[in-house]
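All remarks here apply to the structure that follows.
So you know, we letter chains A, B, ... as the sequences are listed, proteins then strands, and number each from 1. Scope of the values below: all heavy atoms of this structure, side chains included, with no hydrogens, waters or symmetry mates. Predicted, not measured: the structure shown is a model, and the values here were computed from it.
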Amino acid sequence: MESTFAGSDFITIRDKSREQLEFIMDKARRMERYRNIGTDCARGHLMGTLFFEPSTRTRISFQAAMKRLGGDTVGFPSTEGTSVQKGETLADTLRTVSQYVDIIVLRHPSEGSAKLASELLDVPVMNGGDGGANHPTQTLLDLYTIRKELGEIDGKTITLAGDLRYSRTTRSLARALTHFDVELILNSPEQLRMKEDLLMELEEEGLNPVETDDLEGSAAKADLIYATRIQKERFPDISEYKKVAHAYEIDKELLEKTGEPLLLHPLPRVNEINPDVDDMDNSVFFDQAGNGVPVRMALIALLLDLTDR
Amino acid sequence: MVPEKQQMKITRIENGTVIDHISPGAALKVFEILGLEEDEESSITLAIRVKSDRMGKKDLLKIEDKFLTHKESAMIALISPRATINIIRSFEVDSKHPVELPGKLTGIFDCDNPNCITNQEREPVEPQFEVTSKNPIAVRCLYCDNLMDEKQVTGQLIQNN
């Protein structure tokens, strides 16, 4: 299996098998031992971090992962100060940076940008989020967190809550969950329901999600809730955003009433998770963010075909 | 009664393409997507709702001195999936084949997701789709995963040409 990753790209969950996802997660578990002390298997390797959109967790955990592996990173956290502001195309930026580095992580507002990057470049490309389409490394760490916290993914009831229409994290996660034997509940306001095409795809794969706007009911049934932010920046019309901006809130009272399901969130959060849940044992969203490091260490090591010692 | 000489001119071409078995009423759309309105050289015969043994009624388009590209053939398949293409050389049918919708369509129409990378100015990428259903036609953008149905695809083909 190891060799199937060497030199390849990580663009979408769509073309990944359960075996491949589990293989990366197993590797991530082994990377935990280097998470704080580091290793030197990537010494001499450079990663390009090209972030055309803001990011805290994805960018910093990719950088941390590469540095813990003994490699280094170069790149930009926004297009400010780059030639993108002079009108340079994404393609030219990519072709230039790929001359300097061994692997690239790209976040870009256009859907399909990471796929284009993978076609243009010889170095491996990792998709750090392309518009509203995909965020596959977030999905890897989400699955890894579920497995770590609950032992296994099969047999669990999972509620995805919040913005299921524009959220790339729930799109990617829902697709990945088709590989597992889970019950899926989709909890969202009417306007933010999951897009029809993805629903059809999930059904074709044998996952028959239940759609509801009853948060308490879906929390009570769930082993875990995956909450998402209502993303202002993805709404084509700001007045539509205002209608649903405060559509739901998960607080301590709700979690206690519903049997304290595990609570995940890709972060950042705004109003959807009340800080009064932060000290609850099952609120694992900061641990989840932390899991981004071993998971991305594993992915980088596989794509660069590094031997971890 | 049409004089025989003139009738021959309408029914036979020396070299060119006969697009037969076009869905009744669709020949004008085919005419449009092939950009024939702009073509001032080729002589063209258009027949609408003529009798057909196979289809009951059909449309027919004969174009003198024109041979279709793969892209044009794919466009016709999107508009009229049962059409057949006859290549005529020296008044004889040189070859005959049904239009075929390839599994992948490249550079024929645009993705209707404005945020798709294929719609960004100056990026070196052509729109590319996987055909997910042939009847009715449905396609998925290979870059952004956006799904488009038959109406969205054909509407754009006609608008663009």
Side-chain angles (χ1 to χ4, degrees), chain A residues 9 11-15 52-53 79 83-84 86-95 106-121 125 127 129-136 165-166 168 171-172 174-175 194-202 204 231 233-237, chain B residues 69-71 74-75 77-79 81 101-161:
Chain A
D9 307 291
I11 305 302
T12 173
I13 285 291
R14 185 190 280 279
D15 57 7
F52 290 74
E53 273 193 324
T79 57
S83 289
V84 176
K86 298 174 190 163
E88 186 166 50
T89 59
L90 170 65
D92 284 0
T93 305
L94 287 164
R95 288 188 279 219
L106 172 70
R107 169 169 290 190
H108 193 274
S110 295
E111 285 128 31
S113 49
K115 180 175 160 60
L116 173 63
S118 72
E119 290 169 354
L120 292 172
L121 306 183
V125 175
N127 186 359
D130 60 333
N134 293 289
H135 197 351
R165 187 165 185 80
Y166 300 112
R168 59 189 171 200
R171 269 185 92 78
S172 283
R175 239 182 222 138
M194 189 167 272
K195 285 182 183 166
E196 198 59 35
D197 61 324
L198 182 56
L199 279 175
M200 275 164 52
E201 207 180 306
L202 299 181
E204 276 168 25
Q231 304 174 96
E233 68 275 23
R234 305 261 177 246
F235 277 76
D237 181 352
Chain B
T69 62
H70 287 299
K71 188 174 162 180
M75 288 199 289
L78 287 167
I79 300 279
L101 194 58
K104 208 183 261 188
L105 300 168
T106 305
I108 296 176
F109 51 90
D110 294 331
C111 179
D112 68 359
N113 168 15
N115 207 32
C116 178
I117 189 69
T118 60
N119 285 320
Q120 308 314 309
E121 225 177 297
R122 297 184 295 115
E123 297 296 351
V125 55
E126 276 195 305
Q128 207 174 54
F129 298 86
E130 173 196 12
V131 177
T132 55
S133 161
K134 290 193 173 180
N135 189 22
I137 286 156
V139 299
R140 182 177 70 84
C141 173
L142 286 175
Y143 286 89
C144 74
D145 281 347
N146 180 41
L147 291 179
M148 289 171 69
D149 62 21
E150 187 164 319
K151 206 173 153 194
Q152 288 163 317
V153 171
T154 55
Q156 202 187 116
L157 283 177
I158 292 162
Q159 207 176 9
N160 285 354
N161 288 282

request  = Find the distance between CG (Leu142(B)) and OG1 (Thr12(A)) and round it off to the nearest 0.5 Å.
outcome  = 11.5 Å

query = Roughly how far apart are Cys144(B) SG and Asn134(A) CG, rounded to 0.5 Å?
reply = 10.0 Å

Under 4.5 Å from a heavy atom of chain B, the part of Arg95(A) involved = side chain

key: Lys134(B) atom NZ, neighbour heavy-atom count above 12 within 6.0 Å   = yes

query = Taking atom CG of Asp92(A) and atom CD of Glu123(B), what is their separation to the nearest 0.5 Å?
reply = 8.0 Å

task = Could you look at Asn146(B) and say if it's the side chain, the backbone, both or neither that has a heavy atom under 4.5 Å from chain A?
result = neither

query = Could you go step by step and tell me if Glu111(A) and Asn113(B) meet the side-chain contact (heavy atoms from CB on, under 4.5 Å) rule?
reply = CA-CA 9 Å; Glu111(A) 285 128 31; Asn113(B) 168 15; 2.6 Å; yes

ask   = Can you say whether Glu119(A) sits under 4.5 Å from chain B via the side chain, the backbone, both, or neither, judging by heavy atoms?
value = side chain

key: Minimum-distance pair of heavy atoms, taken over all atoms of Leu116(A) and Pro124(B)   = CD1-O, 4.2 Å

task = Decide, yes or no, whether a salt bridge links Asp145(B) with Arg14(A) under the criterion of side-chain N to carboxylate O below 4.0 Å.
result = yes

task = Would you give the length of the straight line joining atom CG of Leu147(B) to atom NZ of Lys195(A), rounded to the nearest 0.5 angstrom?
result = 10.0 Å

query = Quick one: CG on Asp197(A) to CG on Asp149(B), what's the gap to the nearest 0.5 Å?
reply = 12.0 Å

